[in-house]
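Below you'll find the structure, written out as structure tokens, and then a few comments.
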Amino acid sequence: MSSKRSTYIVKLNYLGMRVNNVYDVDNRTYLIRVQKPDLKAIILIESGIRIHTTEFEWPKNMMPSGFAMKCRKHLKSRRLISVKQLGVDRIVDFQFGSDDAAYHLIVELYDRGNVVLTDHEYTILNLLRFHTNEADDVKFAVRERYPVDKAKGPEPLLSLERLTEILSNAPNGEQLKRVLNPHLPYGATLIEHCLTDVGFSGSVKVDEDFDLSKDGEKLLAALQKAEEFMEMSSNFNGKVVKFISLFPLATFYEEFHPFLFAQNAKSLHVEFDSFNKAVDEFYSKQESQKIDIKALHQEKQALKKLDNVRKDHEKRLESLQANQEIDKVKGELIEINLTMVDKAIHVIRSALANQIDWTEIGNIVKEAQAQDDPVACSIKDLKLQTNHITMLLKNLYVTTDEEDQQGVDVEEEVGIEEVKGKKKKNRNKQQKKMPQKNKPMLVDVDLSLSAYGNAFKSAEKKTKKTLKEAQTVITIQKARKVYWFEKFLWFVSSENYLVIAGRDQQQNEIIVKRYLRSGDVYVHADLHGATSCVIKNPTGQPLPPRTLMEVGTMAVCYSAAWDARVITSAWWVYHHQVSKTAPTGEYLTTGSFMIRGKKNYLPPSYLMMGFGFLFKVDEECVWRHRGERKVKVQDEDMESVTSTTTELFSEETIPLDNESSSDEDKELGTKTESEQCEEISAQAEDQQEHSEAESEEKEEGDLENDVNDPEESQISETEENDIVFNVTVEGQNLLNSLTGQPHLEDVLLFAVPLCAPYTAMTNYKYKVKLTPGTQKKGKAAKTALHSFMHSKDSTSREKDLFRSVKDTDLSRNIPGKVKVSAPNLLALKRK
């Protein structure tokens, strides 16, 4: 590892180990997995930054880069022979293999960094960054030779004469450590420590107070100490110190050093057994902090969006109420001016009946206005294309004095009405829309109706219906109950088993620790990003194969297989085979578990999910839906098919679907069934919204009403039996009350959006098929909802329930970019 001007090479104890595989985390960071029979390790390389071994889980790219593939081709199965620094440059040379079969991986830890793969003669085979060093006229490109002979060698200690020359050219007032730093190979931190150790201030400046003739010997002594530190670092085996600063909410790591330097002696710090562990912890903590900051940002964005939706909803309600008041006043004005409105309708109708040109009708009205005809003067606009005219009506019972006192300005009123309906910039402009019964107002009159008909239409306009719909949505949302399992990925199988799965590592951990109970089944897939699925089975009876297949489809679809469009198999085990206890000397990260014993592999799963709605029905209507989801076949023939399937797909080795997981899996395949003890990392993609943290606090479901983490609450055996009984009875009632086939006679309370394997939604009234595609989740959910809303069979109550579902709840369980398929979907899009 390096400071600005000095390099401390991580002392590796992994010489002689073979390269198992090479992965890329991003375009600058690579992982080299090395192993020997009794030891495994992962070397992490970040171009320009660091080299160390890591004990943390790092996400790997689903498709390896060209550079990673080239490294796999040449380095795989070769032994790590040596690790050395080129001169005193911040360049580390890894040699894999020996003699003519050797390959070198050269890592540059300065400037923009680079990683270069060469053959035994240092001819470049591939590299991250192509460039030319203009100072030395050296090209860094494929088939060029890497300039190992130009590495900078150690330099002698600066003499007093050279120090005098350097300081004489330094600007007055500049810190001494900054002046010396470009001319020394130690780094500013080590220089400051050595200056402090010999009696200087760490921030001593080059000015009138600094006299080299007096302090020259001390300065040379400081440089000699720095040289001793450099010699110690080549054989470093002491404790490493990592300095941290404490903040109110978290521990933030600021820097790390191989020694406890004088300027940091009073700082809060933590010691590690090795420099490698300190570096690994430092950068892993940084990544964790980045994730936490990103999660916090997403949470703030979600709350902000929710607040904006609430404010927008309130504004819409205010606008609807204002429009309703305006329509009511317009109706009253038509009633007050009934005779004049009737005359205007009659005149225009007569002109149209005589087939007079529209332009000519306008000229006739203008001539009548010039003669001060009161009916013509009240007509302000002819909208004959829509069979309407616009009239300016006023309250005939308001006296002239009252009008003058109110400052009625007809032209200003007309101007206000012309901009009515446009977006207002502030609440004051919004309030201008509120009607005043004493002021003239522009009113649109329908020529196909009488004056009374227009009065009724204005007073009972569509505004009232829209307002009613908005109030209905609010009522449904208030009655909506959020169940405990909705914070996870979930669905109800076609045979009425509740299935839950984690959205990320933390939820995977919660699901196994808190919700995996006796009789339940754990389902997973050997794919990067695959989620942990749990089938709730409180009765403990054997699970039917159809449900297992549906859950296997879920495990595969919520993994990297969805974007890669890979068809592969999932597997299941019993609850007692899943453990959080690692073998001696090993550590399980969050979301990782040990699987002991044989896995039961399922047939390959198609990447086919569905999106639809379940409806919560009133308790009095549940009887209609009992038996909608039940085991269709349960006989000896089916059991024989199940046993055959299990035998075919139950293997001790893991199917190799992609290269990124193959090597680790091969090792497991060498163990016998009794010895097999495999760690699986079920890391779901951190997609999306972090509102799950909020919903986690709302655990209130009927299915597991009082089930908590055994570590958090100690319950007696009797109480535990009561809980299982509640899960069986109350949970069954809950699942029966959620139906995908609503009857016309049902009392529907609310709708719950659902994303599930398509085979589990065969009988649903509202469903679309989702396959890997290019459409974003949000747009896909809205497309599906639009098709449901315009279905010929949808009732007004069902449409109200659809409107009440929040946009964030619609798409949160869709696995990724999709293609939406449904009957007549194209025709609806065209409309």
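Side-chain atoms of Glu619 and Ser737 form no donor-acceptor pair, as typed in the model, at a separation below 3.5 Å. No side-chain donor from either of Asp520 and Ser518 sits under 3.5 Å from a side-chain acceptor of the other.
When each of His625, Lys616, Lys765 is checked for a side chain to side chain donor-acceptor pair (under 3.5 Å) with Thr739, only His625 meets the rule.
The ring of Tyr766 has its center no closer than 6.0 angstrom to the ring center of Phe613. In this structure, Tyr515 has its ring center under 6.0 Å from that of Phe488.
Residues Pro59 and Val25 come closest through the heavy atom pair O-CG1, 3.4 Å. Heavy atoms only, all atoms of each residue included: Val556 and Val566 are closest at CG1-O, 4.4 Å. Considering all non-hydrogen atoms of both residues, Val551 and Cys533 come closest at CG1-CB, 3.6 Å. Contact record, Leu607 with Pro772: O-CD, 3.6 Å, taken as the closest heavy-atom pair. For Asp24 against Pro64, the heavy-atom pair with the smallest separation is OD1-CA, 3.5 Å. Considering all non-hydrogen atoms of both residues, Tyr522 and Val512 come closest at CE1-CG2, 3.8 Å.
Proximity of a side-chain donor or acceptor of Arg517 to a complementary backbone N or O of Asn537 within less than 3.5 Å is not detected. Remark: side-chain polar atoms of Lys767 are paired, donor with acceptor, to backbone N or O of Tyr764 under 3.5 angstrom. Here the side chain of Asp618 pairs a donor or acceptor atom with the backbone of Glu620 at under 3.5 angstrom. Of the possible polar contacts, none joining the Gln775 side chain to the Lys817 backbone as a donor-acceptor pair under 3.5 Å is found. The main-chain N or O of Arg33 is never found under 3.5 Å from a side-chain atom of Asn21 such that the two would form a donor-acceptor pair. With hydrogens and angles disregarded, a donor-acceptor distance shorter than 3.5 Å links the side chain of Thr531 to the backbone of Gly502. The main-chain N or O of Lys779 is found under 3.5 Å from a side-chain atom of Thr783 such that the two form a donor-acceptor pair. Side-chain N or O atoms of Ser559 include none that pairs as donor or acceptor with a backbone N or O of Leu527 at under 3.5 Å. In this structure, Asp800 contributes its side chain and Ser804 its backbone to no donor-acceptor pair below 3.5 Å. For Glu495 (side chain) and Lys630 (main-chain N/O), no donor-acceptor pair under 3.5 Å exists by modelled atom type.
The 12-atom threshold is exceeded at CE of Met789, counting heavy atoms of other residues, nucleotides or ligands nearer than 6.0 Å. The neighbour count for Lys819 NZ, taken as heavy atoms of other residues, nucleotides or ligands under 6.0 Å away, does not exceed 12. Residue-environment remark: NZ (Lys782) stays at or below the threshold of 12 foreign heavy atoms within 6.0 Å. By the 6.0 Å contact criterion, CD on Glu745 is enclosed, its count of non-hydrogen atoms from other residues, nucleotides or ligands being greater than 12.
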**Item:** Thr553/Tyr606 under side chain to side chain donor-acceptor pair (under 3.5 Å): CA gap, chis, key distance, verdict
**Value:** CA-CA 7 Å; Thr553 300; Tyr606 290 101; over 6 Å; no

**Asked** Does the side chain to side chain donor-acceptor pair (under 3.5 Å) test come out yes or no for Asn763 and Arg629, once each step is laid out?
**Response** CA-CA 9 Å; Asn763 299 321; Arg629 298 183 294 264; over 6 Å; no

**Request:** Go through the steps for Ile814 and Val818 under the test side chain to side chain contact (heavy atoms under 4.5 Å, CB included), then give the verdict.
**Result:** CA-CA 8 Å; Ile814 294 178; Val818 297; 3.7 Å; yes

**Request:** Applying side chain to side chain donor-acceptor pair (under 3.5 Å), run through Thr589 and Gln505 and close with a yes or a no.
**Result:** CA-CA 9 Å; Thr589 58; Gln505 298 98 312; over 6 Å; no

**Prompt:** Could you walk me through whether Trp490 and Lys536 pass the side chain to side chain contact (heavy atoms under 4.5 Å, CB included) check?
**Reply:** CA-CA 11 Å; Trp490 69 280; Lys536 298 303 299 176; over 6 Å; no

**Message:** Let's go through Asp504 and Asn508 carefully: what are the C-alpha distance in whole Å and the side-chain angles of both, what is the deciding distance for side chain to side chain contact (heavy atoms under 4.5 Å, CB included) to 0.1 Å, and is it a yes or a no?
**Reply:** CA-CA 6 Å; Asp504 50 35; Asn508 289 338; over 6 Å; no

**Item:** Derivation and outcome, side chain to side chain donor-acceptor pair (under 3.5 Å), residues Arg546 and Ser494
**Value:** CA-CA 8 Å; Arg546 182 169 179 172; Ser494 56; 3.1 Å; yes

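Taking the side chain as every heavy atom from C-beta outward, Val752 and Glu486 approach each other to under 4.5 Å. A 4.5 Å side-chain heavy-atom check between Ile535 and Leu548 finds at least one atom pair inside the cut-off. At a threshold of 4.5 Å between non-hydrogen side-chain atoms, the residues Tyr497 and Leu543 count as touching. The shortest distance between side-chain heavy atoms of Val617 and Val747 does not fall below 4.5 Å. Between Tyr558 and Cys755 there is a side-chain heavy-atom pair separated by less than 4.5 Å.
In this pair, Phe485 and Tyr483 present their aromatic rings parallel. The plane angle is below 30°, not in the 30 to 60° band. Between His524 and Trp571, the ring planes are perpendicular. Angles over 60° get that label, and only those under 30° would be called parallel. Ring planes of Trp572 and Tyr574: perpendicular class, angle over 60° (limits at 30 and 60°).
Thr771 OG1 to Arg565 CZ: the interatomic distance, rounded to the nearest 0.5 Å, is 8.0 Å.
Salt-bridge annotation for Arg797 and Asp746: absent, with no side-chain N of the basic residue lying under 4.0 Å from a carboxylate O of the acidic one. A salt bridge is absent between Asp809 and Lys806: the closest approach of a Lys/Arg side-chain nitrogen to an acidic carboxylate oxygen does not fall below 4.0 angstrom. Between Glu509 and Arg514 there is no salt bridge, since no side-chain N of the basic residue sits under 4.0 Å from a carboxylate O of the acidic one.
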